[in-house]
Amino acid sequence: MGAHAAYVWSAYAAAGLILPVMALASLLRLRGALRRQAALEADLDAMRADGDG
Amino acid sequence: MSAFWGVVRRDLLIARRQGGSSLLAVGFFVVVAALFPFAVGADPATLRGVAPGVIWVSALLATLLSLDRLFQADFEDGSLDVLALSPLPLFMTVLAKVLAHWLVVGLPLVIAAPLVGVLLNLPLAAFPVLLGAALLGTPALSLIGAIGAALTAGVRRGGVLVPLLVLPLYIPTLIFGVAATAAAADGLPVAEPLMLLASLTLMALVVAPVASAGALRLALG
Amino acid sequence: MTVMSGWHRFANPTRFSRLSARILPWTLALTLVLFAAGLYLALVASPPDARQGETVRIMYLHVPAAWMALFVYVLLAVFSGMGYIWKHPLADIAAKNCAPIGAGFTLLALVTGSLWGAPMWGTWWEWGDARLTSFLILFFLYLGYIALWQVFEDPEKAARAAAILAMVGLINIPVIHFSVQWWHTLHQPASVFRAGGPTIDSSMLWPLFVMLGAFKAYFVTVLLWRIRAEVAERRVRALQMMQAEA
């Protein structure tokens, strides 16, 4: 690339930083929330089973 | 209609009893403007160049500083609940309170603006336009500010949020106010920025009372 | 009434979670494919521009980012209006989670715009460029919206306050844009830049188009992830309350 290659690469590096970081943070948040929800629901089911038994 | 003026009179009475609101705003306005010669240098030509912008930014900050008085005290002592229960629609109450706020804070700023103009070497020929632009523009500052004040009424540490909410919305008023003042200083036509400033104020007059009333209902509910 | 019931069919959180779980693999795949194709077209397959040279390649990021920044704010305000009128938590959650993504797009538009302008203008920030200035103000609007959500403890109140702010902001965006444009004609800077922006050559259209699709697919994917996460978090909070009571 020509004289301004550094500017072009910097722009793509910025996009390569901002977009994946945002996506990864959202995905990790989702996985954490789903795991907590599943654990709590299992707990409550167990409690309910105890109550019935 | 008498209920409307009743709210205005009540707020003006409170402001007079507490005292100092106007003086505080004007004092802040003049002191901030007086900082600029120290910051940009004493050269008269430089000062003349930045004068319109400095006057407007200082007036805008002085208005911002006074916004927490708009609803917060009434919210805390419960009189806002009483006002909301009165037959006057809440957006009219908001409008009355904004009018009182403008009379207490905005109008003194307009009157003090020529003084700051003298300090900053603004040409005398620009003074009538400066006054006219300030009269047209400061109501918009009070109206738009009311939205920010209403959104943060009843929220702890809400006050620090107001500048972030309100300042971006102030930018069009700032642009046209400065443009009218600067055009007058340069002897250029001023009709267009003044008319745009007036239309901004009209728009704020329509949007701000309704939006603020909606926000206040949250704080009360 | 039919609009209402149609909306509520999607708005049921459980149904939403099931539906979004089915859609998400496809939007994720589409995002990856479109970004791969878009990057290839933007960096390899397209020629440098006659006047802008290689820096034209920055436009393939800047234009979609700027477009999405505005689009997401409009969408946020629409969700806010729906949440405000129908008091539906899912619309509130959607509006809330639009904001960080939109702010990210705005930031990217600002950074790429500055990098595009640096070799052209000789400065990193050119106030004379009306669009860049407008996007800076849009970024402030996003920050204010996000901050307003933070200060309320009750999510329902936060949603309604933020919705009012979003709708006021939506009315203000054209006003701000017009005033900044008007201000720009007053302070015409000595630059190679015209008010209408650079002209678009047909060789630019394809990479631009594909990149815009990639940004859209990315937005849908990340937004759905975030909404699902927030729905699950609220469910967790409700379950914890139940457990504490039991």
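Note that these values count all heavy atoms, side chains included, but never hydrogens, waters or copies made by symmetry. In what follows, chains are A, B, ... by sequence order, proteins preceding strands, each numbered from 1.
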Beyond-backbone contact of C/Val111 with C/Leu115, side-chain heavy atoms, under 4.5 angstrom: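 Yes, their side chains come closer than 4.5 Å.
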
May I ask you to test the C/Ser17-C/Val231 pair for a side-chain heavy-atom distance under 4.5 Å?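 C/Ser17 reaches C/Val231 side chain to side chain.
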
Could you tell me if C/Arg226 and A/Ser26 have a donor-acceptor pair between their side chains, going purely by distance under 3.5 Å?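 There is such a pair (donor and acceptor under 3.5 Å, judged by atom type) between the side chains of A/Ser26 and C/Arg226.
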
Region of C/Arg235 that comes under 4.5 Å of a non-hydrogen atom in chain A: side chain

Toward chain A, the part of C/Leu39 with a non-hydrogen atom under 4.5 Å: side chain

Does the pair A/Trp9 and C/Leu43 meet the rule for a side-chain contact (heavy atoms from CB on, under 4.5 Å), with working shown? CA-CA 10 Å; A/Trp9 289 124; C/Leu43 290 174; 4.1 Å; yes

Best-contacting candidate, A/Leu17, A/Ile18, A/Leu27, against chain C by heavy atom pairs under 4.5 angstrom: A/Leu27

